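Here the structure is laid out as structure tokens; the discussion comes afterwards.
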There are 2 protein chains.
Amino acid sequence: MQGMVAVDYNLALQGILFYMIKKSGQNNKWDVQLRKGTLELVILSVLRGRKVYGLEILKSLHILPTMQITEGTLYPLLDRLKREGLIAAEWIQTEDTRPRKYYHLTQSGESKLKLLSERWSQSVSDIKYLLNNPGPKPLDQ
Amino acid sequence: MQGMVAVDYNLALQGILFYMIKKSGQNNKWDVQLRKGTLELVILSVLRGRKVYGLEILKSLHILPTMQITEGTLYPLLDRLKREGLIAAEWIQTEDTRPRKYYHLTQSGESKLKLLSERWSQSVSDIKYLLNNPGPKPLDQ
DNA sequence: AACCATACCTTGCATTGCAAGGTATGAAGT
DNA sequence: ACTTCATACCTTGCAATGCAAGGTATGGTT
């Protein structure tokens with residue numbers, strides 16, 4: 001009986017811990033939705049001016065609290081960007097490691113990056129306006 | 001024959017016009033995706049400190065270039081926010097108009113607004129870092 | 001030989017914004 | 001009266017995308 005209680009208790013602790021990690025760590029549902037808008041910009045921006053391979057992108061982003069994504073997110077996205085001609089890939093093998101697939105921006109990828117970052121600025125300023133401004137009775141219609 | 005050519009020509013013009021309006025106006029596919037993250041924050045922020053009815057929200061947002069949404073977006077979202085207890089609604093009829101459904105923030109809506117806007121700031125600063133910083137060989141791993 | 005870390009990829013689901021429709025009501029033309 | 005228009009709200013089905021949870025292949029270490 002005591003044994004059983006102990007097991008259940010441990011299971012409960014595990015559950016709680018898991019929940020806390022999930023919750024505090026990175027993945028609110030809202031964060032996920034927010035990334036839907038920004039991730040394309042983010043990836044293009046990581047690739048600007050250099051060649052990077054898949055897992056390296058993941059590691060690069062790992063320091064940014066709102067940008068903690070996984071491989072299941074990254075690889076399909078890279079596929080899409082390649083299909084759209086915004087990035088290109090090549091397999092490169094240095095002597096001491098396994099072959100890696102390095103991505104870099106194409107010409108049209110660079111234009112897109114510029115376009116998206118302008119659009120992003122606009123969005124930031126729009127929301128800034130909403131967060132600072134209103135208060136009661138702002139809009140006389 | 002000339003008639004047919006004329007018709008096709010007009011159709012083509014219509015198509016082009018339609019395309020241009022769609023394109024230049026508001027709705028890139030990317031803008032739509034970007035809104036998926038921000039719209040909840042935006043609506044809560046519009047409701048902060050006052051009571052507003054549906055179409056009024058739409059009009060309020062109309063001046064912001066990245067926030068031009070339609071009723072098909074708004075009403076389902078208001079429904080969801082109500083279901084989640086973040087906002088509440090009441091029908092109000094002033095003497096000179098038709099009854100309108102006015103929405104306002106609940107207690108938990110206000111906390112959520114605070115939480116989301118903090119998360120938003122984090123995201124903005126993360127992306128700012130990516131857009132300004134990198135360039136070639138920034139990340140020694 | 002067994003194991004682990006690195007690297008890439010795939011499948012199916014959940015969420016959400018939106019176009020395109022719809023209903024109801026009152027006011028304004030005719 | 002009757003049609004038409006503007007206001008107000010709502011619904012349905014689709015498209016796009018992030019992601020968890022799986023998988024494969026390879027080379028080094030024990």
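Note on naming: letters A, B, ... go to the chains in the order of the sequence lines (proteins, then strands), and numbering restarts at 1 for each one. Quick caveat, the model's predicted, so the values are computed rather than measured.
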Options [options], nucleotide nearest the side-chain atoms of [X]:
{"X": "A:Lys29", "options": "D:dT17, C:dA7, C:dT15", "value": "C:dT15"}
{"X": "B:Leu55", "options": "C:dT6, D:dC9, C:dT16", "value": "D:dC9"}
{"X": "B:Lys59", "options": "D:dA8, D:dC10, D:dT26", "value": "D:dA8"}
{"X": "A:Arg98", "options": "C:dT6, C:dC8, D:dA6", "value": "C:dT6"}
{"X": "A:Arg80", "options": "D:dT7, D:dG18, C:dC8", "value": "D:dG18"}
{"X": "A:Leu39", "options": "D:dG27, D:dC10, D:dG18", "value": "D:dG18"}
{"X": "B:Gln33", "options": "D:dC9, D:dG18, D:dT17", "value": "D:dT17"}

Checklist entry - Taking atom types as they are modelled, is there a donor-acceptor pair under 3.5 Å from the base of C:dT15 to the side chain of A:Lys36? => result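 Present.
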
Checklist entry - Do the side-chain N or O atoms of A:Tyr53 get closer than 4.0 angstrom to the phosphate oxygens (OP1, OP2) of C:dC8? => result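 Looking at the OP1 and OP2 atoms of C:dC8, neither is under 4.0 Å from any side-chain N or O of A:Tyr53.
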
Checklist entry - Above 12 or not: heavy atoms from other molecules or residues under 6.0 Å from CD of B:Gln107? => result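 It does not: B:Gln107 CD has 12 such atoms or fewer within range.
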
Checklist entry - How would you label the contact of B:Pro99 with the nucleic acid (heavy atoms, under 4.0 Å): base, sugar-phosphate, or nothing? => result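 Since no nucleic acid heavy atom lies under 4.0 Å of B:Pro99, the category is nothing.
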
Checklist entry - Hey, which of A:Lys82, A:Arg100, A:Lys51 is the one that makes salt bridge (Lys or Arg N to Asp or Glu O under 4.0 Å) with A:Glu90? => result A:Lys51

Item to check | Close side-chain approach of A:Leu34 to B:Arg119, heavy-atom, < 4.5 Å | outcome: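 With C-beta onward as the side chain, the pair stays apart.
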
Checklist entry - A:Tyr102 or B:Glu84: which one's nearest nucleotide on DNA chain C is closer to the 5' end? => result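 By nearest-heavy-atom nucleotide position, the 5'-most residue is A:Tyr102.
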
